[in-house]
Q: 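Here's a structure for you.
Just so you know, these numbers use all the heavy atoms, side chains as well, and skip hydrogens, waters and symmetry mates.
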Amino acid sequence: MPQRHGTRLGTSATPRLTRLAACLLGTATLTLPAWSQDQAVPAPAPAPAASEPTGPAAEKSLETVVVTGIRASLAAALNAKRQDRGIVDVIKAEDIAKFPDTNLAESLQRIPGVVIDRDAGEGRNITVRGLGADFTRVRINGIEALATTGGTDSSGGANRSRGFDFNVFASELFNTITVRKSSSAEVDEGSLGATVDLQAARPFDFNKRVITASVKGRFNDLSRETDPRAAFLLSDVFLDNKLGVLVSGAYSKRRLYEEGFSTVRWDNGASSGGWCSPQGVTPGNPTTTATTCGPAAQGVPRLPASPGATTAYNDASSSANFHPRLPRYGRLTHDQDRLGLTGSIQFRPSDRTLLTFDMLYSKLDATRQEDFLEAISFSRTASQGGKPQTSVVEAQYAPNGALQYGVFNGVDIRAESRYDELSTTFRQPSLTLEQEITDHLKFNAKVGRADSKFRNPVQTTVTLDALNVNGYTLDFRGNDRLPVIKYPFDPTAQNGALQIVGVPQVTTGTQPTTVTNTTTSEIRIRPQGANNRNDIAHLDLAWEVMPDQLTLKAGYDYKKYSFDTYEFRRINQNDTIFSPAAGSGVLTTMLTNFGRGLSLPAGTPTSWVIPDLNAIAAAYDIYCNCLKSGPAGGPGDFTLSSITNGNARGNNRAVIERDRGGFVQADFEGRVMGLKMQGNVGVRYVVTEQDATGYLATGGGTEVVIGQKYKDWLPALNLSANLTKDLVARFAAAKVMARPQLGNLNPGGTISTTGTLSITTGNPYLKPFRAKTFDASLEWYFGRNAFLGVGLFQKNISTYIQSLRTNAPYNQTGLPLSLLPSNFTGEEVFQLTTPINTPGGKLRGIELNYQQPFSFLPAWGKNFGTVLNYTYVKSKITYLISPTSDAVITDDLLNMSPKSWNATLYYDDNTFSARVSASKRSSFLTRVPGQNNNDVEGKNATLNVDASISYKVNDRLTITLEGVNLTNEANDQFISRARNSPVVYHVTGREYLLGASYKF
C-alpha cells in the first residue's frame, strides 16, 4: 500500500521536503528535494482532460518530466498552501545561497497582505495585513529574535522598539521564509499580525557534499558607485550520513546617496511665538522695540509700515496657515558593509534521534553623513532667535492653508553636517533535539539565545550659520515636493556668509553659555546604543493517538527577554561652542553635484559650503570628554553625561520580561459527511512579568523600577475542508496578544530643550494589545499550477496604545525651572507626550490571489506565466487628541495601507528565466495625532518595479542580471490629511546587479 502523507507524530500534513521547498513568486530555479535541480516537483493534479493519456502510460510520461525554475517554485508553493492546516505563505531560495531578492523584506513584500517600509532605499520593516512591525514576531531557526539598526531620523532613527530590522541580514543566509498569518496554540504568543520564520540551511537538507559560490557587482546610478556582493556554501555528510556539517557566508558592500527635500514637519503661523510684526502693528513679543524684532541689541529691524506688510503678516500669522519648520535640501551618504555567517552541525546517532546545533552571526557596519542647507528660524522661539525675529515680506497660501510662496527677512540659515558610525552585531546559537520515543510518541526540545547589540559610538553634528539674513525666498508654486529656494548670498563661498558663529569668550565676569535671543553654531555629540537578548527554552510532546487522524500535543515555553538602551550628550545642553581659536585653519569643505536624480527646479543650489567635521574635531578636540576651556557646562566643555543629562535621560532605560507559557493542541485529519477535513485546535496560557527601569528628572536622574504582571488565555482553531477535489475552504479563529512597545514602558522621561521643545514620559502600567482574529478563505486549483483564491479576515482589537500629546508652557507642567538651560524663562511652550491604553477598533480585509502559467499558449509562449495578488484592509481607530479635551480623531490604524498589490510576469524555459515584478502600497499613517498642530503624519503611496534575468550556461554556471527600484521611487512622507505637505521627499537611485554563480 503506498505511503500516505498524514500527521504521523504530529507533523504537518505537508510532506517535509515539499514544505521546505515551497515558495511564492519571484523565485527562479528550485526543485525538490531542497537545493536540487534534478528532480520533478509534485504539483496539485487536476482531473485529466479527455484528450490526455491516462493510466500507466501517463504515469511513465510524468516520471520523466523535469520542471525547474520559477514554474517549479510556484508549483511547490501551491502544494504547500493546499496541504497546510493553517494559513501560511512560504518563500524558498531560488538556489543555494540565492534568494529571489537582495533583501529579505523585499522578498516578503511579494506575499499577499505584506508591505514593507524602507530605510536608505532598502527594505527594513514589514507590515502584515495592516499591522506594523511591533505586531509581527520573527523567529530565526525557531528562536524568537529582535535585530535592531540605526536608521535616519525620518525613518524612525535607532530602533528601540519590538520591530525587527530585516536589513541586518544578508538574504543569502536563509533558504526559507514562512509567514504564519493564522495562529495556533503551539506557536508562542506575541503577534497580532503574523509570525515570520527564517530558516537557514542545514547539512541534512542535502545529504551529500555541496560547494557553491556566487559573486555580483552592484551599480547605483545616483552615487555612481560599483560595489561587491558574494556568497558561499559548503556542506558535507560523514559517518554513513549520521553526521553533517555546513558553513555558509555572505558579504556585501553598499555605497549610495540619498538626496532630496525635507522640512522636519510643518507648523502654523501662531507657533513658536509668531512672526515679527511690521511697524504700526502691535508686537506679539514683549521684547520687540518700536523698530527692532526682539531686543535692540540683536539689531534685527522691523519692516516699515505698509498695507502690504500688514496683509502679509496677518496671513502668515493665521493659525489656519502653515509653513515648513526647517525647509532644506540635503544629501545623505550611506556606506554599509554587511557580513553574515551560518554554521550547522547535525548528528543522527539512530533513526529516532536527531540533534542539531545552529549558529548564526551577522555584522552590519555603516557610516552615514547627512549634509543639509536649511533655514532654522521658522521652528524656533524668541529665546532661540527664531520666528519673533523673522519678518514676512510676502506670503501666498493655498486654500488648504499650505504656504505657496514666501519672502522673509531676519532668517537664520544653517549648513548642517551630521556623521554617524553604526554597527549591529547579531549572534544566535541554538540546540535542538528531536526524539522519537516510540512509533507514536515524539519529544522535541530547543534552547537558544538571540543576542543583538546596536552601537552608535559616533553621532556628531556640526554647523555653519548665517544669522538674520534678508530676502530668503521659498517657492512651492511650481512643485509642491521640490520648491525653489533662493538665498540672498552665495552658499558656495567658503569665506562668505556661512561661518562658525561662536559664543564670545569673556575675560572677566560670568561666562555666558549662549548669546541671548540667538542660536549660534553647535557641536552635538550623542553616542548611544541598545541591547536586545532573548533566552528561550521549549519542550513539547506529540502523541499520535490515531495514526494519520489524531495527534495530541502539549508543551512548555520559557523566555527571558532583556532590553536596555543608553545615550550620552554634552553636559553643555545647548551644544554651543566658542569661536575657533586663531590658527585653526580652514574648517569648511564643499558639497557638489547635488540633485542628479531629482530634476531640480531652476535656481536651486547644487553646491554649498559645509562644515569639515574632521578639521573641526581636531581644532576643538571635541572627543576628549573633558573641559577644554571656560567654565564647566559652557561652550568649551565637551564632557559627556547620560542619566544626569535632561536631554539624554529618556534614552537610558531598560525592560526585562519573563514569559512562561504552556499549550495543549489536537491536530486532526479525517472525513466528515464525505468531505476531507484537517486542522488543529488548542489553547495557550501565558504569564508575562515585566520590570521597567527608567530615570526621573528629579534629583538629577533618580532610578525607578516598576513591575507588572498579566495573564492571557489564547485559544486557537484552524480548519480546512476539501469541498471538491479542487476546491478548498478554510476557517481560523484565535485570541491573540502583543506586548506594549518598549519605549512606552519607560517609567521615567526626558526633556528636550534643543530643536522641538518636548517632554516625553512613559507608562509602565500599559496593558498589552489584545484582539480576536477570524479568517476565512476559498481556494480553487483550476488547472495544473493554476490557482484562484479569496481570503477574508477580521481582527477585533480590544485594547490599543496611543501617544497622547498636548502643548503647554513649561511653567504649567509642575517641573522645576532648574531642569532648563539658563537662557530659558519657563514661558516656552513644550510638547507633552505620554502613552495610554485606548479601546481600539475593528480591522477587516480581503485578499485576492491569482496564479497561472500560460501553458495554453503555443510554442515558446507556454513558458510565460503570471502571479497577481491584491489586498484591501479597512480599520478605523478613535484617537484622543489631548488630555484636556474630549475631541477625537477617527482615522486609519498606524502603518496600515488600505490597498496593496503585487504583479509578476515571468518567463522560464529551464535555461533562460526572466521576471518583472511591481509592488504597490497605498499611503499610510505613521502618527496620530500629528505633531506641531497637525492632525496626522504619514507616507504617500509607492510603486516599486524590479526585474531579473538569468541564463543557465550549463549545470554548474549561471549568469544573472537584476534591476532594483527601476523607477527610482521616492520616499515621500507627508503631514496633514488636507494639505499633504511634504516632510521628506528623497530618492536613492536605481541599482543594477550583474553576477554569476557556480556549483563545484
Q: Do you know which two heavy atoms are closest between Val128 and Ala194, and how far apart they sit?
A: CG1-CB, 3.7 Å

Q: Go through it in stages, so that I can follow the logic: the residues are Ser917 and Arg915, the test is side chain to side chain donor-acceptor pair (under 3.5 Å), and I'd like the CA-CA distance, side-chain angles, deciding distance and then a yes or no.
A: CA-CA 7 Å; Ser917 298; Arg915 69 171 173 94; 3.1 Å; yes

Q: CZ/Phe731 to CD1/Ile87 distance, rounded to the nearest 0.5 angstrom?
A: 9.5 Å

Q: May I ask you to say whether Asp775 pairs ionically with Arg129, meaning some side-chain N is under 4.0 Å from a carboxylate O?
A: yes

Q: Please evaluate residues Tyr998 and Phe1000 with respect to the criterion ring pair (Phe, Tyr, Trp, His ring centres under 6.0 Å), reporting the C-alpha separation (whole Å), side-chain torsions for both, the decisive distance (0.1 Å), and the verdict.
A: CA-CA 6 Å; Tyr998 192 81; Phe1000 295 89; 5.0 Å; yes

Q: Pick out which of Ile140, Asn125, Thr136, Val196 makes a side-chain contact (heavy atoms from CB on, under 4.5 Å) with Phe164.
A: Ile140

Q: Please tell me whether Ser900 and Arg921 have a donor and an acceptor in their side chains that are separated by less than 3.5 angstrom.
A: no

Q: Using a strict cut-off of less than 4.0 Å between a Lys/Arg side-chain nitrogen and an Asp/Glu carboxylate oxygen, indicate whether Asp955 and Lys999 qualify as a salt bridge.
A: no

Q: Could you tell me whether Lys920 and Glu969 make a salt bridge, using a distance below 4.0 angstrom between a side-chain N and a carboxylate O?
A: no

Q: Kindly compute the distance separating CG (Asp667) from CD (Glu544), expressed to the nearest 0.5 Å.
A: 10.5 Å

Q: Counting C-beta onward and ignoring hydrogens, is there a side-chain heavy-atom pair between Leu727 and Leu778 closer than 4.5 Å?
A: yes

Q: Is it true that the side chains of Asp197 and Gln199 contain a donor and an acceptor less than 3.5 Å apart?
A: no

Q: Does some side-chain heavy atom of Leu131 sit less than 4.5 Å from a side-chain heavy atom of Lys795?
A: yes

Q: With distance as the sole criterion, is a donor-acceptor pair present between the side chains of Asn863 and Asp909 under 3.5 Å?
A: no

Q: Are any non-hydrogen side-chain atoms of Phe924 and Lys939 less than 4.5 angstrom apart?
A: yes

Q: Look at the side chain of Arg671 and the backbone N and O of Gly674, then say whether any donor-acceptor pair between them is shorter than 3.5 Å.
A: yes

Q: Mark yes or no for whether Thr871, through its side chain, and Gly113, through its backbone, hold a donor-acceptor pair below 3.5 Å.
A: yes

Q: For Lys181 and Val179, run side chain to side chain contact (heavy atoms under 4.5 Å, CB included): C-alpha distance rounded to whole Å, both residues' side-chain angles, the deciding distance at 0.1 Å, then the answer.
A: CA-CA 6 Å; Lys181 295 180 178 177; Val179 179; 4.2 Å; yes

Q: Determine, for Arg110 against Asp89, whether the closest basic-nitrogen to carboxylate-oxygen distance falls under 4.0 angstrom.
A: no

Q: May I ask you to say whether Arg990 pairs ionically with Asp221, meaning some side-chain N is under 4.0 Å from a carboxylate O?
A: yes

Q: Carefully, step by step, assess Phe912 and Tyr951 under the rule ring pair (Phe, Tyr, Trp, His ring centres under 6.0 Å).
A: CA-CA 5 Å; Phe912 177 81; Tyr951 178 71; 7.1 Å; no

Q: Using the test ring-ring contact (aromatic ring centres under 6.0 Å, His included), find all partners of Tyr992 that sit at least two apart in sequence or belong to another chain.
A: none

Q: Check Asp946 against Leu966 and note the closest heavy-atom contact, atom names and distance.
A: C-CD1, 4.3 Å

Q: In Å, rounded to the nearest 0.5 Å, how long is the span from CG of Asp117 to OG of Ser897?
A: 9.0 Å

Q: Considering only distance and modelled atom types, tabulate donor-acceptor pairs under 3.5 Å from the side chains of residues 226-237, sequence neighbours left out.
A:
| from | atom 1 | to | atom 2 | distance (Å) |
| --- | --- | --- | --- | --- |
| Asp227 | OD1 | Arg255 | NE | 2.6 |
| Asp227 | OD1 | Arg255 | NH2 | 2.8 |
| Asp227 | OD2 | Arg255 | N | 2.7 |
| Arg229 | NE | Glu172 | OE2 | 2.7 |
| Arg229 | NH2 | Thr102 | O | 2.9 |
| Arg229 | NH2 | Ser171 | OG | 3.3 |
| Arg229 | NH2 | Glu172 | OE1 | 3.2 |
| Arg229 | NH2 | Glu172 | OE2 | 3.4 |
| Asp236 | OD2 | Arg209 | NE | 2.7 |
| Asp236 | OD2 | Arg209 | NH2 | 3.0 |

Q: Once you measure the plane-to-plane angle for Phe782 and Tyr850, does it fall in the parallel (<30°), tilted (30-60°) or perpendicular (>60°) bin?
A: parallel

Q: Could you work out, with side chain to side chain donor-acceptor pair (under 3.5 Å) as the rule, every residue matching Ser720, not counting sequence neighbours?
A: none

Q: Do Asn971 and Arg118 come close enough that some side-chain heavy atom pair is under 4.5 Å?
A: no

Q: Output the distance between atom CD1 (Ile959) and atom CG (Leu994), rounded to the nearest 0.5 Å.
A: 7.5 Å

Q: Report yes or no: does Gln549 contribute a side-chain atom to a donor-acceptor pair with the main-chain N or O of Met546 at less than 3.5 Å?
A: no

Q: Decide whether Thr342 and Ser248 meet the rule of one side-chain donor and one side-chain acceptor closer than 3.5 Å.
A: yes

Q: Using every non-hydrogen atom in the two residues, find where Ser182 and Asn718 come nearest and quote the distance to one decimal.
A: OG-OD1, 2.8 Å

Q: Rounded to the nearest 0.5 Å, what separates atom CZ in Phe135 from atom OG in Ser191?
A: 9.5 Å

Q: Tell me yes or no: between the side chains of Ser344 and Asp358, is some donor less than 3.5 Å from an acceptor?
A: yes

Q: What heavy-atom pair brings Ile846 and Phe793 nearest, and what distance separates the two atoms?
A: N-CE2, 3.7 Å

Q: Does the side chain to side chain contact (heavy atoms under 4.5 Å, CB included) test come out yes or no for Glu991 and Asn965, once each step is laid out?
A: CA-CA 7 Å; Glu991 295 186 343; Asn965 189 27; over 6 Å; no

Q: Passes side chain to side chain contact (heavy atoms under 4.5 Å, CB included), Leu354 versus Phe204? Steps please.
A: CA-CA 10 Å; Leu354 175 61; Phe204 286 174; 3.6 Å; yes

Q: Within this structure, what is the CG-CG distance for the pair Asn722 and Leu675, rounded to the nearest 0.5 Å?
A: 8.0 Å

Q: Check for a donor-acceptor pair, side chain of Glu669 on one end and backbone N or O of Gln678 on the other, with a separation under 3.5 Å.
A: no

Q: Looking at every non-hydrogen atom in both residues, tell me the closest pair between Arg730 and Asp84 and how far apart they are.
A: NH1-O, 2.6 Å

Q: For the residue pair Ser107 and Ile91, what are the closest heavy atoms and their distance?
A: O-CD1, 3.3 Å

Q: Does one side chain, of Gln794 or Arg844, offer a donor that lies under 3.5 Å from an acceptor on the other?
A: yes

Q: Determine whether Asp726 and Glu779 satisfy the following criterion, side chain to side chain contact (heavy atoms under 4.5 Å, CB included), listing intermediate values before the conclusion.
A: CA-CA 8 Å; Asp726 300 321; Glu779 303 167 0; over 6 Å; no

